[in-house]
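First the structure, in the form of structure tokens, and then the observations on it.
Chain A is the first sequence line, chain B the second, and so forth, proteins listed ahead of strands; every chain is numbered from 1. Remember, it's a predicted structure, so these values are computed and weren't measured experimentally.
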There are 2 protein chains.
Amino acid sequence: MGATKTDHFTDNQNQLAILAKALGHPARIAIMEYLLKVDTCICGDIVNELPLSQPTVSQHLKELKNAGLIKGSIDGNSICYCINEPGLEKIKGFFEHISAHLEKKRNECC
Amino acid sequence: MGATKTDHFTDNQNQLAILAKALGHPARIAIMEYLLKVDTCICGDIVNELPLSQPTVSQHLKELKNAGLIKGSIDGNSICYCINEPGLEKIKGFFEHISAHLEKKRNECC
DNA sequence: TGTTTATATTGCAATATTACGATATAAAAT
DNA sequence: ATTTTATATCGTAATATTGCAATATAAACA
């Protein structure tokens, strides 16, 4: 045990879970907020912004990248990390879908 | 280590992370989708819907409830679990906020 | 009352995540 | 060529999550 039983769920469910999981840490929420805030994408700043060590931040960035929420392009010596819109739209769509459904059946239970 | 350093992040960041983390498992995505699909909220069905044991499903429900994404009300012998709109609106708002910002600065980097 | 039905809790093993020091890599600057 | 700067990877300890069998709880029903 300990491992998630992904086999029994749909690709869509697994994909949404991966996206949500990637955001399931305050440092990664903070990174997304920071990437949104700054106009330039020079990202060595992220380490200075967060109360975590450089290796830890690097690891969080990797997870966001693997999930498809950010992308990074090499810029000489440093790396430019930015928000990856498709990943964001995917998970945003999930919540909009739920909200739209709830509108229709408000107050039918509980 | 192994514990998240929540102290150094804002309440808002921690709250969003808790909500996202709760959805970071395909079973919990499936539960949300199921609660949305069925009109009645009779929820013993959830165990039958998922490829997981009753104790495991119960635990996933507990996590969704703790995060504020669902609520449960006792209905005689069984329990009625439903989507909790405020929790959902909170995290939906986060994605809408990001999307709105991205509209304004499209193509400025990467 | 005794049994069934629905759900929660406990206990535990397997695995994953978090965090960081130490180290590696590779471009930039001197 | 050496040093500095920016980032990634490795190794490892601490903690959290996942999943289930066994058991507990508590309402419904016979």
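- A straight line from CG of B/L61 to C1' of C/dA6 spans 12 Å, rounded to a whole angstrom.
- To the nearest angstrom, P of C/dC20 lies 11 Å from CD of A/Q54.
- Listed nucleotides C/dG21, C/dT18, D/dC20 differ in distance to B/Q59; the shortest reach to its side chain belongs to D/dC20.
- Put simply, NE2 on A/H60 is 14 Å from C1' on C/dA16, counting in whole angstrom units.
- Going from atom CD of A/E49 over to atom P of D/dA6 covers 15 Å, rounded to whole Å.
- Closest approach of A/Y81 to A/G72, counting heavy atoms only: CD2-CA, 3.5 Å.
- Applying the 4.0 Å criterion to OP1 and OP2 of C/dT17, one finds that A/K21 has a side-chain N or O inside that range.
- Summarising the geometry, the separation between CD1 on B/I46 and P on C/dT5 is reported as 20 Å, rounded to the nearest angstrom.
- Relative orientation of the A/F95 and B/F95 rings is parallel, given thresholds of 30° and 60° on the angle between their planes.
- Here B/I74 lies out of heavy-atom contact (under 4.0 Å) with every strand.
- Among the heavy atoms of the strands lying under 4.0 Å from A/S78 are primed sugar atoms or P, OP1, OP2 only; no base atom is included.
- Nearest to the side-chain atoms of A/N77 among the listed nucleotides D/dA27, D/dT5, C/dT15 stands D/dT5.
- Comparing B/K65 and B/T6 by the nucleotide of DNA chain C whose heavy atom lies nearest to each, the residue mapping closer to the 5' end is B/K65.
- Comparing D/dC20, C/dT7, D/dT9 by their nearest atom to the side chain of B/L52 picks out D/dC20.
- Applying the 6.0 Å contact sphere to CG of B/D11 captures no more than 12 heavy atoms from other residues, nucleotides or ligands.
- Of the possible donor and acceptor atoms, none in the side chain of B/N84 sits under 3.5 Å from a partner among the backbone N and O of B/K71.
- Regarding contacts with the backbone of C/dA8, a side-chain N or O of B/S58 is found under 4.0 angstrom from either OP1 or OP2.
- For B/R28 and A/P55, each mapped to the nucleotide of DNA chain D holding its nearest heavy atom, the one lying further toward the 5' end belongs to A/P55.
- When the P atom of C/dT18 is taken as reference, atom CG of B/N14 falls 13 Å away, rounded to whole Å.
- Among the atoms of the strands shown, only primed sugar atoms or phosphate atoms (P, OP1, OP2) are found under 4.0 Å from some heavy atom of A/E63.
- Counting only distance, with no hydrogens or angles, the side chain of A/R28 and the backbone of A/A22 share a donor-acceptor pair below 3.5 Å.
- Within the 4.0 Å cut-off from OP1 or OP2 of D/dA6, not a single side-chain nitrogen or oxygen of A/Y81 is found.
- Under a 3.5 Å cut-off, the side chain of B/Q13 and the backbone N or O of B/T10 do form a donor-acceptor pair.
- When distances run from any side-chain atom of A/T4 to the nucleotides C/dT18, D/dC20, D/dT18, the shortest one goes to D/dT18.
- In this structure, NZ of B/K5 is placed 7 Å from P of C/dA19, rounded to the nearest angstrom.
- Side-chain proximity of B/T56 to C/dA19, D/dT9, D/dC20: nearest is D/dC20.
- Taking atom NE2 of B/H25 as the reference point, atom C1' of D/dT17 lies 8 Å away to the nearest angstrom.
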